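Working notes for the structure below.
All of these numbers come straight from a predicted model, not from anything done at the bench.
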Amino acid sequence: MKEKVIFPGTFDPITYGHRDLIERASLMFDVVIVAVAENKNKHPVFTLKERVEMARTTLATIKNVEIHGFNNLLIDFAKQQGAKALVRGLRVISDFEYEFQLANMNRRLDASVETIFLTPAEQYSFISSSLVREIASLGGDVSAFVHSSVEKELKIRLREHVK
């Protein structure tokens, strides 16, 4: 049986920081399922379908990664996929409190699914999707933070918002 792990997020958009964590998780598990959350509460710039497609493009070279969109409870999605763990990224100390709360809630909902925390490589520790969106919306260069196809989509989408 293959060991599966879920790497969940909104990925609005997916960044090189996300890729770093996913790539490292792919070395520890047989299958990494990148679970792109619909998450309408965050009012994403990109649709679920667009975010899934950007993740597929960004992660295409990592062979043991699957990308799925989902709109249900994460712990239920993990059970449906047969995953034994969730991987979450911690960039800065302020992430810890929120992630710790999520991990405890998920454990309460299903104690058989563990949460594993990974920290990004130093060069990615400051990257967040919201900062990338803000820089792109102001015409800044985000090529060091996202795949070229994501950069292109950001320019198109954010140009639409400005009009």
Side-chain angles (χ1 to χ4, degrees), residues 4-27 29 31-83 85-92 95 98-99 102 106 113 115-121 123-163:
K4 294 181 179 181
V5 66
I6 303 282
F7 188 91
T10 307
F11 305 107
D12 189 40
I14 190 165
T15 68
Y16 286 147
H18 294 126
R19 182 187 160 85
D20 173 58
L21 295 173
I22 293 163
E23 193 166 32
R24 287 192 290 119
S26 77
L27 300 173
F29 293 92
V31 178
V32 177
I33 299 169
V34 175
V36 183
E38 185 170 34
N39 206 345
K40 291 181 181 176
N41 293 333
K42 284 191 172 182
H43 308 289
V45 171
F46 295 101
T47 67
L48 178 60
K49 183 177 178 182
E50 290 168 331
R51 289 180 281 130
V52 165
E53 190 52 42
M54 285 188 281
R56 284 194 175 121
T57 301
T58 300
L59 304 170
T61 59
I62 308 172
K63 299 303 176 204
N64 60 331
V65 168
E66 299 175 8
I67 295 100
H68 299 281
F70 77 105
N71 63 1
N72 57 331
L73 195 59
L74 175 58
I75 210 74
D76 291 341
F77 180 78
K79 284 191 265 187
Q80 291 165 357
Q81 297 297 320
L86 307 171
V87 170
R88 302 290 297 178
L90 294 174
R91 291 169 298 151
V92 292
D95 287 346
Y98 177 71
E99 293 297 340
L102 281 181
N106 284 329
V113 179
T115 300
I116 299 165
F117 296 109
L118 292 177
T119 58
Q123 69 265 31
Y124 303 120
S125 63
F126 61 91
I127 300 172
S128 71
S129 295
S130 57
L131 281 175
V132 168
R133 287 192 314 270
E134 184 176 352
I135 292 165
S137 73
L138 297 170
D141 179 9
V142 296
S143 61
F145 314 128
V146 296
H147 188 276
S148 59
S149 64
V150 173
E151 180 184 20
K152 178 182 172 187
E153 292 300 320
L154 275 166
K155 286 179 181 177
I156 292 168
R157 180 58 46 88
L158 295 174
R159 200 176 308 131
E160 291 171 2
H161 278 33
V162 173
K163 290 181 180 179

What are the two closest heavy atoms between Thr57 and Ser149, and how far apart are they? CG2-OG, 3.2 Å

Hey, could you give me the CD/CD1 distance between Glu50 and Ile156, rounded to the nearest 0.5 Å? 10.0 Å

For Lys79, look at atom NZ and say whether over 12 heavy atoms of other residues, nucleotides or ligands are found less than 6.0 Å away. yes

Is the shortest side-chain heavy-atom distance between Phe126 and Phe145 below 4.5 Å? yes

Quick one: do Val36 and Thr10 satisfy side chain to side chain contact (heavy atoms under 4.5 Å, CB included)? Show the steps, please. CA-CA 5 Å; Val36 183; Thr10 307; over 6 Å; no

Applying ring pair (Phe, Tyr, Trp, His ring centres under 6.0 Å), run through Phe77 and Phe70 and close with a yes or a no. CA-CA 7 Å; Phe77 180 78; Phe70 77 105; 4.8 Å; yes

Locate the shortest heavy-atom distance separating Asp12 from Ser129; write the atom from each residue and the value. O-CB, 3.5 Å

Taking all non-hydrogen atoms of both residues into account, name the closest pair between Thr58 and Arg19 and its distance. O-NH1, 2.8 Å

For Val113 and Ala78, work out which heavy atoms get closest and say how close. CG1-CB, 4.5 Å

Answer yes or no: does atom OH of Tyr98 have more than 12 heavy-atom neighbours from other residues, nucleotides or ligands under 6.0 Å? no

Does the side chain of Val31 reach to within under 4.5 Å of the side chain of Val5, using non-hydrogen atoms? no

Measure the spacing between CG of Leu59 and CZ of Phe11 and express it to the nearest 0.5 Å. 8.0 Å

Would you give the length of the straight line joining atom OG of Ser26 to atom CG of Leu21, rounded to the nearest 0.5 angstrom? 11.0 Å

Rounding to 0.5 Å, atoms CG (Leu86) and CD1 (Ile6) come to a distance of 7.0 Å

Any chance you could measure Gln80, atom CD, to Ile33, atom CD1, to the nearest 0.5 Å? 10.5 Å

Please assess Arg88 against Ile116 for the test side chain to side chain contact (heavy atoms under 4.5 Å, CB included), listing each intermediate value before the final yes or no. CA-CA 6 Å; Arg88 302 290 297 178; Ile116 299 165; over 6 Å; no

Show the nearest heavy-atom pair for residues Arg133 and Leu158, with the distance to one decimal. O-CD1, 3.6 Å

Looking at Ser125 and Ala121, would you say the former's side chain and the latter's main chain have a donor-acceptor pair under 3.5 Å? no

Could you tell me the separation between the OH atom of Tyr16 and the NE2 atom of His147, rounded to the nearest 0.5 Å? 6.0 Å

Closest non-hydrogen contact found for Ala55 with Ile67 is CB-CG2, 3.9 Å

Contacts of type side chain to side chain donor-acceptor pair (under 3.5 Å), residue Thr15, not counting sequence neighbours: His18

Measure the shortest side-chain to side-chain distance between Val34 and Val65 over non-hydrogen atoms and say whether it is less than 4.5 angstrom. yes

I'd like to check Val142 versus Leu154 (side-chain heavy atoms, cut-off strictly below 4.5 Å). Are they in contact? yes

When you check the gap from the basic side-chain N to the acidic O, do Glu53 and Lys49 get nearer than 4.0 Å? no

For Asp76 and Leu74: C-alpha separation, side-chain torsions, deciding distance, then whether side chain to side chain contact (heavy atoms under 4.5 Å, CB included) applies. CA-CA 5 Å; Asp76 291 341; Leu74 175 58; over 6 Å; no

Give the intermediate values and the outcome of side chain to side chain contact (heavy atoms under 4.5 Å, CB included) for residues Glu153 and Phe46. CA-CA 9 Å; Glu153 292 300 320; Phe46 295 101; 4.0 Å; yes

Quick check against the 3.5 Å criterion: does Arg51 have a side-chain atom that pairs as donor or acceptor with the backbone of Glu38? yes

Would you say the side chain of Asn39 lies within less than 4.5 Å of the side chain of Pro44, judging by non-hydrogen atoms? no

